[in-house]
Amino acid sequence: MYHAFGGAAGVRNLTDRFYDLMELEPQYRALRQMHGEDMTLIREKLYEFFSGWLGSPPLFEQKYGHPMLRARHMPFAVNIQVRDEWIACFAQAMNELEIGKDLAEPVLIRIFAMADWMRNQNEEGVEPPMPPMAVDPAIRIPELKNVLKQYGVDGYFPTFPT
């Protein structure tokens, strides 16, 4: 996957576009507010994490140890809105970079499950998060498709109903 995304340059372009969109697009305001004023370090950390997650150099682990994503996100209030903004922003970045749907869709559904696992706020009427691989991530495609549609990121998962 790492090489399919274009190696280091491709992963860097993706993570940089993600953070650029977060700063530019008002629809990602709640997500942006969670980050400090200077996002240089967090940009680098996401690049390092995704490099390893996509199957190549485990840059994040080499610097910081095991990602322990849920624990690392506990200091931040991650709710449904933040989760949805995160995944929509990421999908928009992939869409704008013209990453093929055959490559983008399997990544999107897996990171949607991962993003949901980061939720740490109790919200009335919302089921608590479950570990990313507790169920086949594909069963969450209709939910993900609805989230993306709400943020105007269309075209992913066309064969799945909403």
Heavy-atom pair of closest approach, residues P106 and R110: O-NH1, 3.2 Å

Hey, quick one: are L54 and Y64 part of the same hydrophobic cluster, counting side-chain heavy atoms closer than 4.5 Å, chains of contacts allowed? yes

Is there a side-chain contact (heavy atoms from CB on, under 4.5 Å) between L59 and E44? Walk through the geometry before answering. CA-CA 10 Å; L59 303 173; E44 187 65 17; over 6 Å; no

Give a yes or no on this: more than 12 heavy atoms of other residues, nucleotides or ligands lie within 6.0 Å of atom CG of N122. no

If you define the side chain from C-beta out and look only at heavy atoms, does anything of W53 sit under 4.5 Å from V107? yes

If you compare all heavy atoms of Y2 against all heavy atoms of A8, which two are closest, and at what distance to 0.1 Å? OH-N, 3.0 Å

Atom pair CG/CZ of L14 and F5 - distance to nearest 0.5 Å: 6.0 Å

Measure from NZ or CZ of R12 to the centre of the six-membered ring of Y47, then state whether that distance is under 6.0 Å and the direction lies within 45° of the axis. yes

Hydrophobic clustering (ILVMFWY, side-chain heavy atoms < 4.5 Å, transitive) - are I141 and L103 grouped together? yes

Are L41 and W86 co-members of a hydrophobic cluster defined by side-chain heavy atoms under 4.5 Å apart? yes

Check for a donor-acceptor pair, side chain of N120 on one end and backbone N or O of F76 on the other, with a separation under 3.5 Å. yes

So if I apply the ring-ring contact (aromatic ring centres under 6.0 Å, His included) rule between F90 and each of Y19, F50, F112, which one comes out positive? F50

Taking all non-hydrogen atoms of both residues into account, name the closest pair between A88 and L148 and its distance. CA-CD2, 3.8 Å

Any sub-3.5 Å donor-acceptor pair from N79's side-chain atoms to V82's backbone N or O? yes

Rounded to the nearest 0.5 Å, what separates atom CD in E23 from atom SG in C89? 10.0 Å

Classify the side-chain pair Y28/Q92 by whether it contains a donor and acceptor separated by less than 3.5 Å. yes

Assess whether side-chain contact (heavy atoms from CB on, under 4.5 Å) is satisfied between V147 and V153, documenting all intermediate values. CA-CA 9 Å; V147 168; V153 184; over 6 Å; no

Is K101 close enough and on-axis enough to Y156, meaning under 6.0 Å and within 45°, for cation-pi? yes

Salt bridge present between R17 and E98 (N-O < 4.0 angstrom): no

Tell me whether the guanidinium CZ or amine NZ of K45 lies under 6.0 angstrom from the six-membered ring centre of F60 and within 45° of its axis. no

Counting only N and O atoms by type, is there a donor-acceptor contact under 3.5 Å from the side chain of E61 to the main-chain atoms of P67? no

So which heavy atom on A30 is nearest to which on Q81, and how close? CB-NE2, 3.5 Å

R72 CZ: over 12 foreign heavy atoms closer than 6.0 Å: yes

Can you tell me how far apart CG (L144) and CD1 (I109) are? Round to the nearest 0.5 Å. 5.0 Å

Please round to the nearest 0.5 Å and tell me the distance separating atom CD1 of I111 and atom CE of M94. 5.0 Å

So, S56 side chain and G52 main chain: donor-acceptor pair closer than 3.5 Å or not? no

Rounded to the nearest 0.5 Å, what's the gap from CG on D116 to CD1 on I80? Could you check? 6.0 Å

According to a hydrophobic-cluster definition based on side-chain heavy atoms being under 4.5 Å apart (Ile, Leu, Val, Met, Phe, Trp, Tyr only), do M1 and L97 belong together? yes

Over all atoms of both residues, closest heavy-atom pair of A113 and P132: CB-O, 3.9 Å

Main-chain N/O of R83 paired to R119 side chain as donor or acceptor, under 3.5 Å: no

side-chain contact (heavy atoms from CB on, under 4.5 Å) between M22 and M39, intermediate numbers included: CA-CA 11 Å; M22 188 191 307; M39 292 196 302; 4.1 Å; yes

Approximate separation, where rounding is to 0.5 Å, of M114 CE and R70 CZ: 13.5 Å

Is it true that, when you exclude E127 itself, more than 12 heavy atoms of the residues, nucleotides or ligands shown sit nearer than 6.0 Å to its CD? no

Backbone of F157 reached by a side-chain donor or acceptor of E105 within 3.5 Å: yes

Looking at D16 and R43, is any side-chain nitrogen of the basic one under 4.0 Å from a carboxylate oxygen of the acidic one? yes

Yes or no on side-chain contact (heavy atoms from CB on, under 4.5 Å) for L69 and F49, after CA distance, side-chain angles and deciding distance? CA-CA 10 Å; L69 293 178; F49 172 77; 3.6 Å; yes

